[in-house]
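Working notes for the structure below.
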There are 2 protein chains.
Amino acid sequence: MICTQSRFRPEGTLLALGVVRQVRQNELIYREGDPASHFMQMVGGVARMTSVRRDGSRFIDAFHLSGDVFGMEVGTLYANSAEAVGACSLVAYPAHDRVLLDAISEGFACQIVTALMHDLRQAKEHARLVAQASALEKTSAFLIDWSSRTERFPLITLPMTRQDIADYLGLSGETLCRCLAQLHRERLIEMLSPRRFKLLDAPALRKMAA
Amino acid sequence: MICTQSRFRPEGTLLALGVVRQVRQNELIYREGDPASHFMQMVGGVARMTSVRRDGSRFIDAFHLSGDVFGMEVGTLYANSAEAVGACSLVAYPAHDRVLLDAISEGFACQIVTALMHDLRQAKEHARLVAQASALEKTSAFLIDWSSRTERFPLITLPMTRQDIADYLGLSGETLCRCLAQLHRERLIEMLSPRRFKLLDAPALRKMAA
DNA sequence: CGAGGTGTTGATTCCCTTCAATTACCGTGG
DNA sequence: CCACGGTAATTGAAGGGAATCAACACCTCG
């Protein structure tokens with residue numbers, strides 16, 4: 001236990017260094033390989049972190065929503081692209097050594113460290129999920145996870161496409177659909193619309209997520 | 001680009017806070033769920049980060065070798081277990097808020113941040129690999145990655161078991177063996193012993209790793 | 001009303017897992 | 001030095017789960 005705050009907070013001195021940015025649906029926030037000039041904090045909406053391979057296959061590392069920090073890079077370039085799933089707003093902080101070091105010395109190091117540790121845990125859990133879970137387990141885990149990150153339990157709204165979710169879980173879009181259909185048949189979820197669900201049996205879903 | 005140093009360095013003031021620890025082969029360094037009282041830096045040898053599920057399946061998040069930092073947790077408990085692959089030595093730093101904050105104020109925040117960003121990038125790349133690569137691609141990627149982290153190219157020594165590697169790549173041990181055998185048949189690698197390889201065609205391996 | 005993106009379902013194929021058996025390796029002790 | 005035992009590694013055969021290919025339904029928007 002190093003920092004007790006669960007999230008990096010935009011309030012305070014650091015905010016003065018950042019600029020607010022509005023991004024339209026599917027707009028690129030930054031591109032993989034670009035100079036990592038800023039790191040970001042989501043204020044509203046959802047962003048996806050994507051990387052594309054030579055063969056055209058796409059992978060989504062993470063979805064970020066309000067409060068999440070992303071875009072801090074160990075090198076000089078972004079390791080993946082960031083895109084707006086829907087319209088969203090964020091704060092961009094310059095990531096030059098000098099500016100960030102100033103911020104650190106002003107007492108924000110702990111919040112930055114906390115944000116990174118949070119992302120690291122998420123990334124490790126994500127790796128475990130895609131490595132050793134079945135398609136149904138992945139699907140259940142995603143629904144439970146998303147539900148825990150939004151605040152309208154047992155209702156959830158998925159702003160992203162099926163393909164987005166599939167690329168996040170390492171599944172084909174078709175398989176994801178089949179798994180959702182199966183969860184529906186088994187009365188674990190209700191499908192109010194393609195993007196809106198109701199979790200009918202969260203404990204059972206949680207057990208499947210394993 | 002935030003910090004230019006590629007690794008957290010044990011030299012300097014912070015070392016005074018840590019204690020050196022020697023660990024025997026397969027010995028537990030810390031257990032998942034234990035209070036996260038210290039974070040660690042490898043000095044020699046190799047450690048594996050493991051998590052075990054109720055159904056008995058094991059997953060390996062990462063292998064850490066000399067210089068790597070691990071065990072920094074956002075909560076009060078370790079999220080996974082750490083075990084020594086072979087005999088190894090490490091430095092354990094107390095992770096209480098007070099002590100670490102002192103270290104941060106003494107100018108080590110940047111190194112801690114860098115170590116975390118490094119681990120985060122590794123974890124994301126790991127997730128991508130296990131999510132969307134074929135067994136052969138995973139195997140090639142592992143060999144290339146391990147080769148880049150050790151310094152005897154084109155010779156590599158794998159201190160861990162086949163099952164360790166398989167659990168890291170999300171494969172069965174048998175499939176991993178078959179892939180290694182295939183790489184051997186195709187003259188991309190030479191097997192000096194079960195744990196010692198020679199990379200005969202690194203560019204081809206790199207291409208397969210995709 | 002039509003068009004295109006999105007989502008869903010079906011049929012087939014194939015890669016990987018599983019189960020099983022055999023072999024290789026390595027530390028130990030004779 | 002060599003025989004021995006146990007673990008690790010390898011290979012084979014069979015089965016299953018997800019990908020792929022293909023067709024269709026749905027919804028939004030011009």
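In the text below, chain A, chain B and the rest are named by the order of the sequence lines, each starting its count at 1. Reckoned from all heavy atoms, side chains included, excluding hydrogens, waters and symmetry mates.
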What residues 130-146 of chain A contributes to the DNA chain D interface at heavy-atom separation below 4.0 Å is A/S134, A/A135
Salt bridge (Lys or Arg N to Asp or Glu O under 4.0 Å) pairs, two or more places apart, involving residues 151-174 of chain A:
A/R48-A/D164, A/R58-A/D164, A/R58-A/D167
Taking every heavy atom of B/A135 against every heavy atom of B/T139, the minimum-distance pair comes out as O-OG1, 2.8 Å
List for me each residue that meets side chain to side chain contact (heavy atoms under 4.5 Å, CB included) alongside A/A131, sequence neighbours excluded, and say none if there are none.
B/F59, B/V130
Can you name the residues that form a salt bridge (charged side-chain N to carboxylate O under 4.0 Å, His left out) with B/R121, not counting sequence neighbours?
A/E73
List the residues meeting ring-ring contact (aromatic ring centres under 6.0 Å, His included) with A/F63, not counting sequence neighbours, and say none if there are none.
A/Y168
Test: ring pair (Phe, Tyr, Trp, His ring centres under 6.0 Å). Region: residues 185-208 of chain A. Which pairs qualify, not counting sequence neighbours?
none
Reading DNA chain C in the 5' to 3' direction, which nucleotide is the first one with an atom under 4.0 Å from a heavy atom of chain A, and which is the last?
C/dT6 to C/dA11
Those residues that, when tested against A/S148, pass side chain to side chain contact (heavy atoms under 4.5 Å, CB included) (two or more places apart):
A/D145
Go along nucleotides 9-14 of chain D 5' to 3' and tag each nucleotide: B for a protein heavy atom under 4.0 Å from its base, S when only backbone or sugar atoms are that close, - otherwise.
SBBBB-
Mind jotting down which residue pairs meet the salt bridge (Lys or Arg N to Asp or Glu O under 4.0 Å) criterion with at least one end in residues 201-210 of chain B? Sequence neighbours excluded, please.
none
Applying side chain to side chain contact (heavy atoms under 4.5 Å, CB included) to B/Q25 and not counting sequence neighbours gives none
For residues 22-43 of chain B, the salt bridge (Lys or Arg N to Asp or Glu O under 4.0 Å) pairs (sequence neighbours left out) are B/R24-B/E27
